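Treat the numbers as computed from the prediction; the structure is a model and nothing was measured.
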Amino acid sequence: MISTTLISDTHPLFPINLGTQSHFKDQSLFPAKSKIYCSKQQNPKNSMKEYRMSGTHFLDSVIINPDEQIPLIVNKPKKDQIFREKNGCLQVGTQEMLVLCGVGYYANGFRGFPWLALNFHMAHNLNMNPATLQLVQNFGNLPLVAKPLFGILSDAIYIGGAHRIPYISLGVVLQALSWGSLALIPVASEARLVLIACVLFGNIGASIAEVAMDALVAEYGQKNKVPGLQSYALMASAIGGVLGNLLGGFFLMKTHQTKSMFLAFAAILTFQLTISLKTREESLGLPSYALMRRSIPQSIKKQYSDLMVEIKDENIFRPLVWIVSSIIAIPILSGSVFCYQTQCLNLDPSVIGMSKVTGQLMLLSLTLLYDRFGKAISMRKLAAILQSSYAFALLLDLILVKQINLQLGIPNEVFALCFSGLAETIAQFKNLPFLVLFANLAPPGCEGSLMSFLASALCLSSIVGGLFGVGLASVLGITSGDYSSLPLGIVIQFLAALVPLLWIGNVPNTQTVAGKVRKTSGSKRTRRNRRVGRVVLDAAYSSYRRKRESDMQR
């Protein structure tokens, strides 16, 4: 049998050097028993004539002849070489990301510092009743509902070639201006309408910054395969909450100067702004585009369309329905409980602040435990445990209101310090598994839109629950001078918190299964294109193989 060789001896594509052959012996692309020459003729008209006649066309075709070894040399892109070491670990960009993320979420958690002062300012200096105080709190949170809009803008519109850090800087600027105005402009803290306007602008800035940070964490974690960034972010937020509430209670007890607290938080925001302005998205390995390929309306429309497609996915829709309904179902009486503690029990501001510190320390501990052990627990089982725990934690306020703690020999200050923030802590921690789940399911390019939609849904459900709480307080007749119906309201809260357990089946068992389904499914169009491409390549390869075998037998 005569073998016809279709290899150019004068212009080989891969020159074979016997001196370097052994260097790549262990990295060969093909086994030794099926050695291969690989080359391309400089003028392959004659040798390729038969293949053109067969109807199979190849772009930049390579003719293969089995006889020799070819070293496998993989040239990684420069970006991968920059961001990964030889052992696959992140090298550059991690420190910048951790600093930016840590400072940002720390400042977000430290917002309890000025908000504690603002609540005392509205309750004592402006003499607001509980219902009005809670309405101001919920109305001020309305900008948080617009997070999906900010997420779509962050995903679709690039500012200076970047689409995460510029939005963080913009949000921090709005917050600094808002809290600085409350500190330096007298009418801003005295006139109710102006105060509400400052709170609205501050929360708009907080919404923009939170959306950009959540998207940045999800995008960076997916791109660089860094697990646990959501836990790290919640830890930084919890640490900020601990210090914010601790210092807030101390400042209120010593000085009673709420405006100085507003100014101090504005200074912290200025430091965060400095960090964000010094960081570039290129150093984090994120894509940067100086020019938009589509117009802004087209980009927004496409991003909105992609977001709607993702939300309708069953792996996202069902857990989203459960977490939102589990919050809406509970009427929140936080304003009534706060006014009862400060007006009837005369608890010191430092006690209220320290109770929140205790709650944040518990949140930090729970986050560490979840990051270490919690991911191995079934997500459905974990959600059921947390929801039940939250329901029973609400009854702790009933013990304080009915003064059962005094019968047990526990002073009000000690009981409030240890248990008042427990329900709020569990409510915050309950969102963490869902944040991790959504971050894993977020497709590339849609991180900001999807994570902001989740944050907006959580915020909107909290606002609705707060409004239900205001309505319940009005129906029960809970006012600043009459708290006799507050125990009944707390019992109603407890029963309502158990209702979401009826549809706990919407929560997936594990995050891993949901992630695998999400990654391998794809859209119908994607699967169809993948099948068509595979069929074409298989047909081309089969035709080439049959032709090659016939040539070898001549």
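Distance check: Leu501 CG to Ser326 OG gives 9.5 Å after rounding to the nearest 0.5 Å. Here the CH2 atom belonging to Trp503 is positioned 9.5 Å from the CG atom belonging to Asn506, to the nearest 0.5 angstrom. To the nearest 0.5 Å, the span separating CD1 on Ile492 from CG on Leu394 amounts to 12.5 Å. With rounding to the nearest 0.5 angstrom, the OG atom of Ser231 is 11.5 Å from the CG atom of Leu366. Between Asn203 atom CG and Cys198 atom SG the span is 11.5 Å, to the nearest 0.5 Å. Ile327 contributes atom CD1, which lies 8.0 Å from atom CD1 of Ile332 (distance to the nearest 0.5 angstrom).
The ring pair (Phe, Tyr, Trp, His ring centres under 6.0 Å) check on Phe468 picks up nothing, with sequence neighbours excluded. In terms of the side chain to side chain donor-acceptor pair (under 3.5 Å) criterion, Ser389 has no residue partners (sequence neighbours excluded). In this structure, Phe201 has no ring pair (Phe, Tyr, Trp, His ring centres under 6.0 Å) partners at least two apart in sequence or on a different chain.
Considering only heavy atoms from C-beta on, Val99 comes within 4.5 Å of Ile275 through its side chain. Looking only at side-chain heavy atoms (C-beta outward), Asn125 and Phe120 stay at 4.5 Å or farther from each other. Contact annotation: the side chain of Val507 never approaches that of Ile323 to less than 4.5 Å [non-hydrogen atoms, C-beta and beyond]. Two residues are said to be in side-chain contact when any heavy atoms from C-beta on lie closer than 4.5 Å; Leu437 and Pro319 meet this criterion. Between Thr367 and Tyr370, the closest side-chain pair of non-hydrogen atoms is not below 4.5 Å. Counting only heavy atoms from C-beta outward, the side chains of Leu450 and Ile316 approach each other to under 4.5 Å. Between Cys459 and Ile463 the shortest side-chain heavy-atom distance falls below 4.5 Å. Leu307 places none of its side-chain heavy atoms less than 4.5 Å from the side chain of Gln303.
Closest heavy-atom contact between Leu100 and Leu216: CD2-CD2, 3.6 Å. Closest non-hydrogen pair, Tyr232 versus Gly102, comes out as OH-CA, 3.6 Å. When every heavy atom of Ile504 is checked against every heavy atom of Ala383, the shortest pair comes out as CD1-CB, 4.0 Å. Nearest heavy atoms, Leu382 versus Pro433: CD2-CG, 3.8 Å. Summarising the geometry of Val187 relative to Val194, their closest heavy-atom pair is O-CB, 3.9 Å, with the distance given to 0.1 Å. Across every non-hydrogen atom of Phe262 and Ala183, the tightest pair is CB-CB, 3.7 Å.
Between Arg164 and Glu281 there is no salt bridge, since no side-chain N of the basic residue sits under 4.0 Å from a carboxylate O of the acidic one.
At least one donor-acceptor pair closer than 3.5 Å links the side chain of Gln493 to the backbone N or O of Pro331. Distance alone, capped at 3.5 Å, is enough to place a donor-acceptor pair between the Arg280 side chain and the Leu277 backbone. In this structure, Ser365 contributes its side chain and Leu361 its backbone to a donor-acceptor pair below 3.5 Å. Looking only at distances, no side-chain donor or acceptor of Asn108 sits under 3.5 Å from a matching main-chain atom of Gly104. Without hydrogens or angle criteria, Ser154 side chain to Gly151 main chain gives no donor-acceptor distance under 3.5 Å. Panel note: side chain His121, backbone Ser189; a donor-acceptor pair is recorded below 3.5 Å. A donor-acceptor pair is defined here as one N or O able to donate and one able to accept, closer than 3.5 Å; such a pair exists between the side chain of Ser474 and the backbone of Val470. Not a single donor-acceptor pair under 3.5 Å links the side chain of Ser388 to the backbone N or O of Ile385.
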> Given the rule in the side chain to side chain contact (heavy atoms under 4.5 Å, CB included) test, do Val309 and Tyr304 qualify, once you have shown the distances and angles that lead to the verdict?
Replying inline: CA-CA 9 Å; Val309 170; Tyr304 173 78; over 6 Å; no
> How far apart are the C-alpha atoms of Ser336 and Leu486, what are their side-chain angles, what is the distance that settles it, and do they pass the side chain to side chain contact (heavy atoms under 4.5 Å, CB included) test?
Replying inline: CA-CA 8 Å; Ser336 299; Leu486 184 57; 4.2 Å; yes
> Does the pair Lys301 and Ser305 meet the rule for a side chain to side chain contact (heavy atoms under 4.5 Å, CB included), with working shown?
Replying inline: CA-CA 6 Å; Lys301 183 178 179 180; Ser305 177; 5.7 Å; no
> Does the ring pair (Phe, Tyr, Trp, His ring centres under 6.0 Å) test come out yes or no for Tyr167 and Phe150, once each step is laid out?
Replying inline: CA-CA 9 Å; Tyr167 288 93; Phe150 303 141; 8.8 Å; no
> Checking side chain to side chain contact (heavy atoms under 4.5 Å, CB included) for the pair Gln387/Trp322: CA distance, chi angles, key distance, verdict?
Replying inline: CA-CA 11 Å; Gln387 187 67 22; Trp322 188 87; 3.9 Å; yes
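Applying the salt bridge (Lys or Arg N to Asp or Glu O under 4.0 Å) test to every pair with at least one member in residues 422-444, sequence neighbours left out, gives these pairs: Lys356-Glu424. For residues 264-276, the side chain to side chain donor-acceptor pair (under 3.5 Å) pairs, not counting sequence neighbours, are Ser169-Ser276. Each salt bridge (Lys or Arg N to Asp or Glu O under 4.0 Å) pair with one or both residues in residues 99-115, not counting sequence neighbours, appears once here: Arg111-Glu210.
Residues Phe438 and Phe434 place their aromatic rings such that the two centres sit no closer than 6.0 Å.
Using the six-membered ring where Trp is involved, Tyr158 and His163 have ring planes that are parallel, under 30° apart on the 30 and 60° scheme. Note on ring orientation: taking the six-membered ring where Trp is involved, the planes of Phe265 and Phe110 are parallel (angle under 30°, cut-offs 30° and 60°).
Remark: Leu502 CG is packed, more than 12 non-hydrogen atoms of other residues, nucleotides or ligands lying under 6.0 Å away.
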